[in-house]
Amino acid sequence: MTFDLTPEQDQLRDAVRALGRRYGHGYFVEKAKAGEHTTELWAEAGQLGYLGVNIPTEYGGGGGGITDLAIVCEELAAAGCPLLLLVVSPAIVATVLTRHGTEEQRKKHLPGLADGSQKIVFAITEPEAGSNFHRLGTVARRDGDGWLLSGRKCYISGVDEADHVLVVARTEDAATGRLKPALFLVPTDAAGLTRSKLDMEIVSPENQFLLYLDDVRLPADALVGESLDAGLPALFAGLNPERITVAAMGAGTGRYAIERASEYTATRKVWGGRTIGSHQGVSHPLAHAAVQVELARLMIQKAATLYDAGRDLEAGVAGNMAKYAAGEAAALAVDTAVQALGGAGMTTEYGVATLLGAVRAGRIAPVSREMILNFVAQHVLGQDKSY
Ligand SMILES: Cc1cc2nc3c(=O)[nH]c(=O)nc-3n(C[C@H](O)[C@H](O)[C@H](O)COP(=O)(O)OP(=O)(O)OC[C@H]3O[C@@H](n4cnc5c(N)ncnc54)[C@H](O)[C@@H]3O)c2cc1C
């Protein structure tokens, strides 16, 4: 067992940290409040190869694994730039296409995902189905050689920044019962695809949308994979990378908040010569949060290592646990940091309260803490399903 990164991964961590710090949380908040995107940061990360670290070299990527992409997610978040679309475009979509796309799909999309010139977002959630994917109602009907897609999706991140959406649907002849998914690459400018922006209480340069698909006509090659049988494994292929990278983003956000608070409490004095950090009522909650974040990081490392070793089932358990732990730790760390800063904690200037909405959402999305507990109860503890 080793807890060391490879020299290349150490270099990647240092380089991404330097990039993130050059932009910083001020940039992230400024973009969010102006209703703009972190276009410059995304482009630079793409040019430097950080967005494609996990994409095979023959498609323009770095040929690394999810461990590498988790480093990118964590370090940008630790610099105050938690970019949700990293979890969607390079983690979920690039993995799905690498593992289950056709050769044409890989050639067409992976180089752009790797250098950041292309973003593909991911749409599974539906208003009626919610956490129960077996109730998905987006249906694909045969239309000559191609397909007609109809349905509704909600909370879909980044549609306004992407050229395609990877839509999870089901075919007409498998429209009820256990989910037999079919995944489609839908251009965001396709006729029949419309969107409306949701007002979210999250300070983020990335937006969420309702998507309406009204008989969206797609060519045969919009279907991901060689046949309809590719749907289920393709959907599952995206889950572990999603869990692991969103956990890494949470851990990075937790580190960022604790660092901000520690700097503040180590210098702020309101009782004579003592710093407020010398009061254990202030330092212990921060230390407790630091322990929780570090424990989550350990689980992320385990999950990513198992995943990169091809041990998908074990990575599934570890990835879910890592996501749970990191989601809770990030929420605790940001809340604790706000408290430790007092009034300054609620200002925009000190840059911690600006993360409250994001870390709260991290306990709901992309998979809620309750659904992870259901997974662990069922698959680790052998309990019956209640739902
Ligand atoms: C910021 C943000 C970004 C998102 N981005 C995307 C995206 O890009 N693409 C996408 O497809 N989706 C996205 N989502 C959607 C997200 O994945 C869902 O919100 C999440 O999976 C929960 O589904 P729901 O909102 O329908 O909640 P529901 O399923 O309605 O659940 C509501 C509550 O009930 C609990 N619950 C439900 N069933 C059970 C059960 N059986 N046992 C115990 N508790 C249960 C849930 O845990 C939750 O707390 C995003 C959401 C947010 C907030």
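Start at 1 and go down the list; that is how both ligands and their atoms are numbered. Residue indices begin at 1 and follow the sequence shown.
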Q: Check the pair H25, Y256 against side-chain contact (heavy atoms from CB on, under 4.5 Å), reporting the backbone distance first and the verdict last.
A: CA-CA 9 Å; H25 190 58; Y256 166 84; 3.3 Å; yes
For ligand 1, note which part of [X] has a heavy atom under 4.0 Å away: side chain, backbone, both or neither.
X: S368; value: side chain
X: R369; value: neither
X: N374; value: side chain
X: Y155; value: both

Contact check: [X] vs ligand 1, nitrogen or oxygen atoms, below 3.5 angstrom:
X: E126; result: no
X: V88; result: no
X: G130; result: no

Looking at every heavy atom in both [X] and [Y], which two are closest together, and how far apart are they?
X: A333; Y: A257; result: O-CB, 3.9 Å
X: A251; Y: A326; result: N-CB, 4.3 Å
X: V139; Y: T171; result: CG1-C, 4.4 Å

Answer yes or no for [atom]: protein heavy atom present at a distance under 4.0 Å?
atom: atom 6 (C) of ligand 1; answer: yes
atom: atom 17 (O) of ligand 1; answer: yes
atom: atom 32 (C) of ligand 1; answer: no

Q: Find the distance between CD1 (I92) and CG (N240) and round it off to the nearest 0.5 Å.
A: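 I92 atom CD1 to N240 atom CG measures 11.5 Å (nearest 0.5 Å).
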Of the protein's non-hydrogen atoms, which lies at the shortest distance from [atom], and what is that distance?
atom: atom 44 (N) of ligand 1; value: E370 CB, 3.4 Å
atom: atom 8 (O) of ligand 1; value: S157 N, 3.0 Å
atom: atom 9 (N) of ligand 1; value: F122 O, 2.9 Å
atom: atom 39 (C) of ligand 1; value: M371 SD, 3.7 Å
atom: atom 21 (O) of ligand 1; value: P366 O, 3.4 Å
atom: atom 15 (C) of ligand 1; value: T125 OG1, 3.3 Å
atom: atom 20 (C) of ligand 1; value: I364 O, 3.7 Å
atom: atom 27 (O) of ligand 1; value: S131 OG, 4.0 Å

With heavy-atom distances below 4.5 Å as the criterion, would you say the side chains of [X] and [Y] are in contact?
X: D68; Y: Y50; answer: no
X: L97; Y: L185; answer: yes
X: R141; Y: W147; answer: no
X: K119; Y: L51; answer: no

Minimum non-hydrogen distance to [atom], winning option of [options]:
atom: atom 11 (O) of ligand 1; options: V159, V167, I124, L373; value: I124
atom: atom 53 (C) of ligand 1; options: R363, M200, E242, K385; value: M200
atom: atom 52 (C) of ligand 1; options: A365, A361, A377; value: A365

Q) So is I202 in contact with ligand 1, going by heavy-atom distances below 4.0 Å? A)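 Judged by the 4.0 Å heavy-atom criterion, I202 does count as contacting ligand 1.
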Q.
So if I count the atoms of ligand 1 from 1 in the order they appear, which ones are less than 4.0 Å from some heavy atom of Y387?
A.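 Checking each atom against Y387, I get 41 (N).
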(Q) Under a 4.0 angstrom heavy-atom cut-off, which atoms of ligand 1 come close to I156? (A)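 What qualifies from ligand 1 is 7 (C), 8 (O), 9 (N), 10 (C), 11 (O).
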Q. Does the pair R255/E75 count as a salt bridge with the N-to-O cut at 4.0 Å?
A.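 Salt bridge present between R255 and E75.
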Q | K108/D221 ion pair, N-O < 4.0 Å | A |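 Salt bridge between K108 and D221, a charged N being under 4.0 Å from a carboxylate O: no.
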**Q.** Member of E161, E206, E36 meeting the salt bridge (charged side-chain N to carboxylate O under 4.0 Å, His left out) criterion with K31
**A.**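 Among the candidates, only E36 passes.
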(Q) Would a single hydrophobic cluster contain both M321 and I66, if residues Ile, Leu, Val, Met, Phe, Trp and Tyr are joined by side-chain heavy-atom contacts under 4.5 Å? (A)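 Unlinked, I66 and M321 end up in two clusters.
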Q: State yes or no: do Y324 and L295 share one hydrophobic cluster built from I, L, V, M, F, W and Y residues joined by side-chain heavy-atom distances below 4.5 Å, directly or via other members?
A: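 No, separate clusters.
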